[in-house]
Structure formats: structure tokens, C-alpha cells
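Every chain is numbered from 1, with letters handed out A, B, ... down the list of sequences. These figures come from a predicted structure and were not determined experimentally.
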Amino acid sequence: MELNYAEIEAWCKQFWADQQVYKVPNTSVKPKYYVLDMFPYPSGAGLHVGHPLGYIASDIFARYKRMQGHEVLHPMGFDSFGLPAEQYAIQRGIHPEKATNENIARYRAQLDNIGFSYDWDRQVMTSDPSFYKWTQWIFRKLFLHWYDNTKMIARPIEELESIFSAEGNKKIDAAQSSCPAFSSDEWHAYSPKEKSDILMNYRLAYRKEAYVNWCEALGTVLANDEVKDGLSERGGYPVERKPMTQWFLRITAYAQRLLDDLKDVEYSDSMKIMQSNWIGRSTGAQVFFDIDGHNEKLEIYTTRADTIFGATFMVLAPEHDLVSTITTKDQKPSIDQYLVYVKSRSEVDRMSEVKEVTGAFTGAYAINPFNDEKIPIWIGEYVLKDYGTGAIMAVPADDARDMAFAKKFSIPIVEIIDKSMYPGATIEDKLGKMINSDFLNGMEVLDAIEEICVRLEQKGIGTKKINFKMRDANCSRQRYWGEPFPIIYDQDGIAHAMEEKDLPLVLPYLDDVKPVSGKAPLAKLHDWVNLPNGYTRETDTMPGFAGSSWYFLRYMDPHNQEAFAGKEAIQYWQDVDLYVGGTEHAVGHLLYSRFWHKFLFDLGYTFSKEPYKRLLNQGMMQGISESIYLKKEKENGKNVFVSRSMISKGDEDRFITLYVPIQYVQDYGSMKSYLDTEGIKKYITYFPDYTDAIFRTDQGDFTASQFSGEAKLYTQGELAKISKSLYNVINPDDVVAEYGADCLRLFEMFLGPLEQAKPWDTRSIDGVGKFLRRFWASFFNENGLSLSNEQATDEELKILHKGIKKITTDIERYSFNTCVSQCMIMLNELKAMNCNKRAIFEPMVKVLAPFAPFMSEFIWKELGYKTSIHKAEFPLVDEKYLIETSITYPISINGKKRGTADLPANATNQDLEKMALEMEMVKKWLDGSAPKKVIVVQGRMINIVI
RNA sequence: GCGGGUAUGGCGAAAUUGGCAGACGCGCCAGACUUAGGAUCUGGUCCUUCGGGAUGGGGGUUCGAGUCCCUCUACCCGCACCA
């Protein structure tokens, strides 16, 4: 029987659909296993061969677990809201909804071609009202809750109001924005608007004015991780800082728990480190300084309170509230000038410039509480408004940045730590003895930190404080294609949550979704914005991370109308056992979704502390790029391409490099990749601008039409990312059409370890193709099934069970490349002994089933089975076939292998030593003398030291 | 600058805890079958002065190091004035 991939795949797709092989219930008596992929943005470009890498790995694992008797939840959906989808829609002039639906259809077809075992009945789309109803519902809950730091739990906002009503806010320890203290009486005296403003400081979803990354070209605010090098990640437009009123999520309330609970999850160390650095916990002290001639106190945060006697100046962030109050008349002009300068500085300037110190003096002075010395107060760009208190005490002797500042503005430097006894210590190390520091003199730094904190608390001017680098998440986008906020404003501008029964608030249709500078597109819809009762709607929409922060819960029970997922389903599925995706979401998506999950856990809607038990990151699939050199200057009005072989080092800047579609290039990826006649023809057909160009090669100058024979235009090959602009994108559909889906799956796994970056090169795919053909040929001849029903020999069974064992352990440790190798080894060994026995090959098909689901399913049918192989039981290892009677031991002399010996497997160490010493080879080495030492490792090796 | 990672044939890589380095595959070479081969099959394929030498360089621990420690180099990723 001929192997025909297309027919097999078509048959299997139909069979799986008819039999509903991958359908899972919401609850079951079987043990559950949840295998999740990071769902994709359905971008217009479609999938390239890099995308399925993680999907294939997770699918193999899901299929394996399913065959082991688990109920496996393995869903897929689409992150269809957000900037990329909208940007794409704007570029193409198609409505985002239409574009999104088209893209999803394409993705779905591409995914189905690769044979994933998704339960498509559970597909979610973040842009579907039945989905975002619950995104809005969770946001509403966040708005209606605050975080109790004492109980470490989210609590309803009404409870906070009762506390305010009973005792004001002085006793309460809550996660909050800065808020002045008030008493119960004062609370009662406040107007509704004032009360609302105060509550905003406590809500987990709240509004505040903040400096944001404003991107004029996109007309919207971007998150820090959407900004790269001062440019927008999407489109590469400039980004500047601008104050705006925005919605925020108080993720900082959960900072400590997000940090602590990392110990309970299995992420890679680097992933955990990235997250904990992002959270950025530091222990320090909050200190209040008097300001000379003012009633206000200056509040600073420092991790080095011990250095207070070396604080020769203070620095405020330029945006600090006190700046306008304390600046003296004399200094006002220079401060104003500096503020103008700061405002003019875009992120681009700040990033691209070499660190240059800037600042200005306010004319005001703080008072050192311990020696009453006057400390000048400056403002400077290097102090950040949003970290700590936006103000520092600067200690030039013990901080590199303060030192640079002091030097630039000629501020005195007072040495306060003697590090002479620690020769290798740097300025950052907390080592040395205090000097010039009054009561701290002679103390070690770490002791001095303790001591100063005690003194500060005694004086009532400071306390120990823990700070986090992590900021609250900006949740507003001035965009169309996102979830509308379930928020309305009354005539006083007080924000109210919409009633639960009125959700979802459906995103209204808008013809022209282009942003209008400074205003969200939805603001154009007056009838939608202005409600009959005089209330108005929020016109911003939520960012991409909103839907993706909880989508994995919806998969558990995607059709539920009453809840984001039913209690029974959540109780059964609990959490994600294995989450597979790229590292690019290390700090964004992963932190947000952990935060949302913890919030829902606090409210009793979920039952596990963490959403993802185990995280696996697939490495980037790299491509090969090839480029050719075009002279910057034309010769006689003609473009001249020059062979890479004719360009000497250092000469490159006289040329522009242009990428060439790699399939035009001969030997692409090698050191001697080149364009031949055929390649040149294809190139000028694709880029007709160069029809008249000259191609300069070692064989002489040619026009495209003269180019022939031996002439080679050498190209420059490089390892690069896969990208449209590099003309090296390979569509998995094409690979599937040519080699079959199983071959693509096997090949992607065979390339190397999942977590490593690796280059794609279709040319080496035939290795696994050959394996599949050989595997197929083991079952069939031209007449059909050709297996024998003879009993298997022990030797054959040993090959089988050794393979099962290796593959089982390797799947468990996600080493899929070695699984494929082992399949090849098994087949090679069986072929070598001409085995074609059903007793061996039937279990082998099952082993291969997770990897090559199509071919194995088809063979299974041919073997006479009516139900899917993917519901069959994964073969178990029978150790009795693995028992060895003898082991080939390497015999080493002084650690160098000198020979081998077949020795009985059950021999004791003493026997082994004796047998080894009796060997001729060993006797020769010993030459009559006794060995110094003999090391015997059972089953491994024997080493004789002479 | 800080933090993390990687480095093994011409190429992708293997070597679970320190124990036979290069499994498996690509490519290449030779042969067989063939009208033909981008099909299939078989064999070979690190270097070597045949002692041995090789896992980016140098040093160390050990009977024994790709694996552990120190150090240097190169590349990749993340963060970027975090007080």
C-alpha cells in the first residue's frame, strides 16, 4: 500500500471529527490534566514554522497523558483584542472585527493541518462578548474591592466604607495610593465626590493621573513593555511622557504574594529571577526631614539610612509636589528652565544619550534631624517620581549616581564609610566601618543600618519600609478594539460600576476606528457615551492583557452563561498542569494573570493559589537570512550589485545590504551561498526595480540577461529571526503539503531541545521523512498489511521495552528530540534483524501516536481497530525484558579506557575486580606490580590505578 | 552597568546523578539496484607521526570532568538611573 500523507490526513480529520475524539467533559472520575498553550494573536501574517514549536510539544504531552488515562483539557483560543489586531485593521482599511474573524479562520485552518488534539468546542476569543462579559465582570469586582494588608486578602469596598465611617482611615493598613489621614467625623463631613476620590485611593481598579508613555502616532498610551528603546514595539513610533487620567490595576497590593508564591511553582530559574527582579522588593527606611522655613515635611526612601551623615544634598523628582512650594524666588527661573527641559525630553532622548547628570537647585534646605545641619534640596531627572517617595537623600560618598551629581554641581562629599579593610569591596557593597557619623562611628555598616532605624523610630521621624519596583498596571487604552470599561460617570464625575445584570457592555460598532489625538475612538459615538439620565460612559478600552489574564479559566467551562466558569468545572480542573509558551511573556502576561488568579482566589472563585503549576518555555525558531550588496553610488546611472567575495573587510559601508528570498539562493546558510543565473532571474522578477542593474562577480560584470554559466554572485548568509521583511518566512502549510503533518511535527521536535533557540532549515527535514516511510513500510507491502503473527523473541522484546522506557522518561522531562531519536533507533535495530512481527510493531505504533498522530491513527485502523489510537493505552514497560545477563564494562587504566570486558551482570564488585585483574590487557599494564587502587562502579566501568 | 543563559564534528545535536564523548539525523564519500534519480538499499565519514590527542581558552578538585569550582573570551536574552 502506498503511503499518501494527504489521504491519511484527510481521513483522520474526518474520523476525529466524527468520533469526537478530543472532546472533554467539564468533570470526570478520571484524574485530570490541563495542558495549555499561550493562545496567539491572530495577526494578518498567519503562522510561520516557528509558531507551532510549542504547540507541537504540548500536543505530544497532552496526547501522552490522554493515553495514560487522564482526562486531558487541551484547548486553544485567540487573543483577538488589542493593539496588533487594531493596527493591522487600520493598515488594511478593514474593520477590526472582520479582519480578526478572517485571521482566526486562517489560523484555525493552519492549526488543524498540523493535527493538534484541541477540543475546539472550547475555543475562546477575547473579543467575543460572551467572553469579555466576564473580563468586564472581573474588572468590576476589582473596582469594588480593596486590599487588606493585615489579613493579606481582597475585601469588599463597603467594608472599607464602614471602617471609615466608624474610625476614619488612621488604623487601617491597606494597599493604597497616597491619601491624607482623616477621622470618622471628617469622613461623614465629606461630600460624595470627596468620598469617591478617597475610595479611589484604595480600590484595586482605580483612576489616577499619571505620567504615561504617550505615543502620538498610535494615539494611545503604551505599557512599559510595549515600549522598546523609546519607540513603540508595534510600528516603532516615538513615545513621550505625558500626564493623563488613567485606569490602573493595583497589582502592587499583591507584590509580596506574587514574590512568595514563586517558590510553589515550577518555572525555570531564569523565569523566576526575571519575575522577582521585576517585582523588585527592597527593604529600607522612610525618613521625614524638616524643611527650613516650611511646615511640610520632606519624605524620602532609602535602603541606606546609615549614611545619613554623608547626605550633603537632597534630590526630588522634577514632578515632585513640593517643587513649586519650596522653590525660592531667586531659584525659580533656573528651576522653571530645568522643568521645561525635562518636559521636552522624550524617552528617546533619555535612552539614547550617554548618562549625563542634570539638575537644578531649589534654594530650599532640609534639616538633618541628628545634627541640625542644613542640606540643600535639588531636583534631578535621575530621581523617579513613581519609585519610593520620589525623593532621596543623596550620599555622594557612597552612591555612584549621587557622586556624579555632586561632582557636576560641586557639592561637598563627606566620607562616611572606611572600606580600607575590605580591599575588593565596591561602592555598592554594604561593607566597612562608619566614620564621621556621630553615634554610628566605628560600627559595621549592617549594624549601623539597624541602629539608625531604631533611632529614627525613637525620634518619630522614620520607619522601616519595604518597597517594590513594580508599578501598578496601567489599564487604559485610547483605542477602539478592546473591552469597554463597565464604568459610568455621574454629573459630578464620580465613577460607578455598571450593574452586573447589564453586562456585557458590548463594544459598539464604529466605522472609522482611527484614534483622534488625545481621545479614544469611542468618544466619537455621542449617543453611546451620553446616557439618558445624564451619566456618561468611559470611552477608553482595556489593554491586551485583560482578556489573557484569565482566559485559561474560561476554557474549563466556556459556554457557561451564569459565571465565568461553573464551580464544579473549576473544582475539577483546578489549575494548569503544564503551560507552554515563549519567554517574552515572562513579566507581563504571567504576572498579570497570576495577580488576577490570586484576586479570584481571595474572592473564593478559584481554588488554587497559582494558575500555572509548571511552565515550559520554547526557544525561538530562528531563520537564515541571505543578503546581497548594492553599491551606494550608482555607476553611469546604473545600480551595481557586487559579489560578497569581492568586498574586503572595512569596505562594507560603501554598500547597502538587501535581503534576498532564501529560496533563490544556492547553498543558503553556508559560507559560500550564492545566486546563480536562475536566482538572479527570480530576483529581478520579484524586484523589477533592479532589472537594469549590473551584477559584478569574480567572473566579470553582467546584466541580468547576460548572467549565465559559471558566474556566481556570492551572498551574505546570517542567522536571523523569521520575518517577512527578511524574506525567510516558511508557512507550515507548505511543509505539510510537501512532507506531511507528521513529518513537520517530528522534524520540529527532532531539531533540538525545546527550550533552546534553533535555526530552521527545511533541507534536513528528510531524515524524519525517511524514518516515517520506513516505519510505514514495516507494516505494508503492495498488497496491504504484511505483519507476521509470529511470537516475538526476547531480543525483539528487549528493543521494544528499552525504547518504551526511554521514551516514557524522555516525554516526562520534555526531551522530545531524544524521543524521536529513540524511535529511529528502535526501528533501525528491528530492521537489522528483519523483524516484522505484529507483537512488536503494534505497541510501537502506540508509542509513536503522540508524535505522529495521523499515520499512527491510520495504521491503527488498518490493524483492525474501530476506535481511535489516541484513546488507546500507552504501552507500559515490562522490566523483565530489560534484564541483562552480561554487561560490557569499559576497563580503564588511570582513567583512560584501554579495553572492554563482557562480565556477568550479577557479579559483585569483588568478583568484577578479580576478573578485571585477570585480563591479559590489564596484566600487561600492571607488568607484575600490584595496582594502587581499583575502582568498580556496578554496571558502569572499572578503573585500575597503577 | 546589573541579572540570567549558552559554547561539543562541515551542520542540528546526544551523553538523567561526575563513569566508554560525538547516539540519532543532515551533509559528504564510495558502492548496489536502475533508462533515470532530489527514490530505495549497503558501507564509510573528528584529528593523528598510531604513542595518543580532541567538548570556546587557561587553571583547579577527583581514581575519573562535556558535566563540579576558579578565571578569561565570545555570543544570546532580560532589565535599564529603582535610592
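In the displayed structure, A:Glu812 atom CD is contacted under 6.0 Å by more than 12 heavy atoms of other residues, nucleotides or ligands. Heavy atoms from other residues, nucleotides or ligands lying under 6.0 Å from NZ of A:Lys932 number 12 at most.
A straight line from NZ of A:Lys385 to P of B:rA83 spans 18 Å, rounded to a whole angstrom. Between A:His585 atom NE2 and B:rG78 atom P the separation is 13 Å, expressed in whole Å. The distance from atom CD of A:Glu913 to atom P of B:rG19 is 21 Å, rounded to the nearest whole Å. Whole-Å rounding puts the A:Lys469 NZ to B:rC81 P distance at 9 Å. Nucleotide B:rA13 holds its P atom 11 Å from the CZ atom of A:Phe747, rounded to whole Å. The nearest whole Å value for the distance from the CD atom in A:Glu718 to the C1' atom in B:rC76 is 15 Å. Look at NZ on A:Lys272: it is 17 Å from C1' on B:rG3, rounded to the nearest Å. Distance CD (A:Glu748) to P (B:rA13): 14 Å, rounded to an integer number of Å.
Here the side chain of A:Trp278 is nearest to one of B:rA80, B:rU16, B:rA83, namely B:rA80. Side-chain atoms of A:Pro753 lie closest to B:rA14 of the nucleotides B:rA14, B:rC20, B:rG4. For A:Asn817, counting side-chain heavy atoms from C-beta on, the closest listed nucleotide (B:rU16, B:rC24, B:rA14) is B:rA14. For A:Arg813, the listed nucleotide lying nearest its side chain is B:rU16; candidates were B:rU16, B:rC81, B:rA13. Counting only heavy atoms from C-beta on, A:Thr302 has its side chain closest to B:rA83 among B:rG25, B:rG12, B:rA83. Taking only side-chain atoms of A:Leu384, from C-beta outward, the nucleotide of B:rA14, B:rA83, B:rG19 with the closest atom is B:rA83. The side chain of A:Ser282 approaches B:rA83 more closely than any other nucleotide in the set B:rA13, B:rC24, B:rA83.
Although no hydrogens or angles enter the test, the distance criterion places no donor-acceptor pair under 3.5 Å between the side chain of A:Lys385 and the main chain of A:Pro318. Of the possible polar contacts, one joining the A:Asn728 side chain to the A:Lys721 backbone as a donor-acceptor pair under 3.5 Å is found.
Of the P atoms belonging to B:rG22 and B:rC63, the separation is 25 Å, rounded to the nearest Å. Between B:rA23 and B:rA74, the two C1' atoms lie 28 Å apart (nearest whole Å). With C1' as the reference atom, B:rC46 and B:rA54 are 8 Å apart, rounded to whole Å. Only the C1' atoms considered, B:rC41 is 8 Å distant from B:rC33, to the nearest whole Å. Going from the P atom of B:rA14 to that of B:rC70 covers 25 Å, rounded to whole Å. Nucleotides B:rC81 and B:rC76 are separated by 25 Å at their C1' atoms, to the nearest Å. On the C1' atoms, B:rC68 is 8 Å away from B:rU61, given to the nearest whole Å. A gap of 12 Å separates the C1' atoms of B:rU67 and B:rU16, to the nearest Å.
A donor-acceptor contact closer than 3.5 angstrom is absent between the side chains of A:Thr888 and A:Thr900. Counting only N and O atoms by type, the side chains of A:Ser282 and A:Tyr387 include a donor and acceptor under 3.5 Å apart.
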| task | Evaluate the ring pair (Phe, Tyr, Trp, His ring centres under 6.0 Å) criterion for residues A:Tyr338 and A:Trp378: first the C-alpha distance (whole Å), next the side-chain angles of each, then the deciding distance (0.1 Å), finally the verdict. | result | CA-CA 11 Å; A:Tyr338 184 65; A:Trp378 290 66; 9.5 Å; no
| field | Audit row: A:Ile887, A:Asp902, side-chain contact (heavy atoms from CB on, under 4.5 Å) steps and yes/no | value | CA-CA 5 Å; A:Ile887 296 168; A:Asp902 286 331; over 6 Å; no
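The aromatic ring centroids of A:Tyr5 and A:Tyr739 lie 6.0 Å or more from each other. Taking the six-membered ring for Trp and the full ring otherwise, A:Phe313 and A:Phe405 have centroids separated by under 6.0 Å. Here the two rings, on A:Tyr664 and A:Tyr668, have centers that are 6.0 Å apart or farther.
Contact check, A:Gln756 against B:rA13: a side-chain N or O comes under 4.0 Å of OP1 or OP2. When the side-chain nitrogen and oxygen atoms of A:Lys758 are compared with OP1 and OP2 of B:rG12, none of them lie within a distance under 4.0 Å. Checking the phosphate oxygens (OP1, OP2) of B:rA83, no side-chain nitrogen or oxygen of A:Tyr301 falls inside 4.0 Å. OP1 or OP2 of B:rG25 has at least one side-chain nitrogen or oxygen of A:Asn828 nearer than 4.0 Å.
In this structure, B:rG57 shows a glycosidic angle more than 90 degrees from zero, which is the anti conformation. A glycosidic torsion no more than 90° from 0 defines the syn conformation, and B:rG9 adopts it.
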| field | Nucleotide-resolved protein contact map, nucleotides 40-54 of chain B, B/S/- at heavy-atom distance under 4.0 Å | value | SS----------SS-
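Residue contacts for A:Asn943: at a heavy-atom cut-off of 4.0 Å it reaches a base atom on one of the strands shown. Contacts of A:Ile273 with the nucleic acid, taken as non-hydrogen atoms under 4.0 Å apart, involve only primed sugar atoms and P, OP1 or OP2. Residue A:Val945 is classed as a sugar-phosphate contact, given heavy-atom separations below 4.0 Å to backbone atoms only. Using a 4.0 Å heavy-atom cutoff across all strands shown, A:Ser821 reaches at least one base atom of the nucleic acid.
Take the nearest nucleotide of RNA chain B for A:Thr818 and for A:Thr389: the residue whose nucleotide is more 5' is A:Thr818. With RNA chain B read from its 5' end, the first of the two nearest nucleotides for A:Met393 and A:Ile825 is the one closest to A:Ile825.
For the pair A:Glu829 and A:Lys802, the salt-bridge criterion is met [side-chain N within less than 4.0 Å of a carboxylate O]. Under 4.0 Å is where a charged nitrogen must lie from a carboxylate oxygen, and between A:Asp402 and A:Arg304 no such pair does.
Helical stems involving RNA chain B, defined as 3 or more consecutive Watson-Crick or G-U pairs under 3.5 Å, span B:1-7 with B:73-79, B:10-12 with B:24-26, B:27-32 with B:40-45, B:56-60 with B:68-72.
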